[in-house]
Peer 1: 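This structure is in structure tokens; I'll ask about it shortly.
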Amino acid sequence: MPMTSPLAPARCPVLVVKVGSALLVAPDGTVRRDWLASLVADIAARIADGQRIVIVSSGAIALGARRLGLPKGGRASLEDAQAAAATGQIALSQCWAELLGGHAITAAQMLVTLDDLEDRRRFLNASATLRRLIALDVVPVINENDSVATEEIRFGDNDRLAARIAQAAGAGGVLLLSDIDGLFTANPKNNPDAKLVENVARIDARIRAMADGGSASGMGSGGMLSKLEAARIATSAGAHLAIANGTHDHPLARLANGGRCTVFIAGKQGKGRKLWLAGRMTARGRIFVDAGAAAALAKGSSLLAAGATAIEGRFARGDVVEVVTASGETIARGLAEYDSTDAGRITGLRSDAIADVLGHAPRSALVHRDQMVLL
Ligand code: GLU
């Protein structure tokens, strides 16, 4: 990725760099300090070039597990993982603070849970903190708050966390440093003809199929599917997302000097509320639609009950729901105008028939266009 790339300092004022556990922590559970020092030197160089950097760093569980002598890398039970995270996180942030401090850069730690970014008010709060830190020329070092996040409310992987953080920070780009060069047309481990996909303008079924093959082979901790989901969140928030190999020293300099990577190109940026909606990960239900409704949505219409074919899940009015085609493709996400019971009762009905069923005047749509984002 040459210096003219969309993530270069001149074109991307704020960049989120995600560093995975496998890069940060050696198999014996110690920090790969020399490698980390080379990454921090690259980060300092970018900051000198005028780019603001936000770091999303994994590694707390792996580091803590070693210090506590826990089996299975600290992942034998949720309690172990949480204790390991609490122990490892303090060492992790100390490491980042020391190395960044060596370049006269101040680090700040933020630990967030999924709920902090899914709840609109808390999202805005986290966003304000991030933006203030960036304006103060401080480098935020972020991780999931694993010591309190239970399985149900976890991101689980820092790929999607990084994409959500980019959205909250108003970043123009996300770089996922991984142990592979990017997305391949097929699993490169057992397919010599597999080619690196350099640019992805749209994440469609073809691209998803490539990632499916990849994750089955066990690439990376988050796997390629979680990276694709991160790419979807980032690009729909107007940020480019790149996956690149970070295993060598000076990974950012290598990339700037033409290193291979996959870049997912950002979509057109919408309004704040819609962006937040597009990035939300926890939908409460799904509304299946016919082809006519799918076409109408693509042209900017609201989703009417007449175009719905089935309702899945239990949701209240105002909850996030996904709009899904007959072939199973999720095409939009929005806030439900009806709860799931009423939505089920009026599925497939034209507006004039709805009042009779509900016994009161209907709302104009199942999901209103102003409360919906196309994916
Ligand atoms: N938050 C986890 C940790 O710090 C890592 C999550 C991931 O592997 O992406 O250990």
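Both ligands and their constituent atoms are indexed starting at 1 by order of listing.
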Peer 1: Return yes or no for this condition: an N or O of Ala62 is under 3.5 Å from an N or O of ligand 1.
Peer 2: no
Peer 1: With a cut-off of 4.0 Å, which atoms of ligand 1 are near a heavy atom of Asp146?
Peer 2: 1 (N), 2 (C), 3 (C), 4 (O)
Peer 1: Could Glu98 and Arg33 be called an ion pair, given the rule that one side-chain N must be under 4.0 Å from one carboxylate O?
Peer 2: yes
Peer 1: Run the numbers for me: atoms of ligand 1, each under 4.0 Å from some heavy atom of Ile61, listed by number.
Peer 2: 3 (C), 10 (O)
Peer 1: Pull out every atom of ligand 1 sitting under 4.0 Å from any heavy atom of Asn143, numbered as shown with elements.
Peer 2: 1 (N), 3 (C), 4 (O)
Peer 1: Does the pair Arg52 and Asp137 meet the rule for a salt bridge (charged side-chain N to carboxylate O under 4.0 Å, His left out), with working shown?
Peer 2: CA-CA 7 Å; Arg52 262 72 181 259; Asp137 285 332; 3.0 Å; yes
Peer 1: Would the number of heavy atoms belonging to other residues, nucleotides or ligands and lying under 6.0 Å from CZ of Arg132 be above 12?
Peer 2: no
Peer 1: Taking only Lys NZ, Arg NE, NH1 and NH2, and the carboxylate oxygens of Asp or Glu, determine whether Asp28 and Arg66 approach each other closer than 4.0 Å.
Peer 2: no
Peer 1: Please confirm whether Asn158 comes within less than 3.5 Å of ligand 1 when only nitrogen or oxygen atoms on both sides are compared.
Peer 2: yes
Peer 1: Quick one: side chains of residues 300-319, donor-acceptor pairs under 3.5 Å with protein atoms, not counting sequence neighbours, listed by atom name and distance.
Peer 2:
unit_1: Ser301; atom_1: OG; unit_2: Ala296; atom_2: O; d: 3.3
unit_1: Ser302; atom_1: OG; unit_2: Arg369; atom_2: N; d: 2.9
unit_1: Thr309; atom_1: OG1; unit_2: Phe288; atom_2: O; d: 3.2
unit_1: Glu312; atom_1: OE2; unit_2: Arg286; atom_2: NE; d: 3.0
unit_1: Arg317; atom_1: NH1; unit_2: Glu337; atom_2: O; d: 3.2
unit_1: Arg317; atom_1: NH1; unit_2: Glu337; atom_2: OE1; d: 3.2
unit_1: Asp319; atom_1: OD2; unit_2: Ala316; atom_2: N; d: 2.8

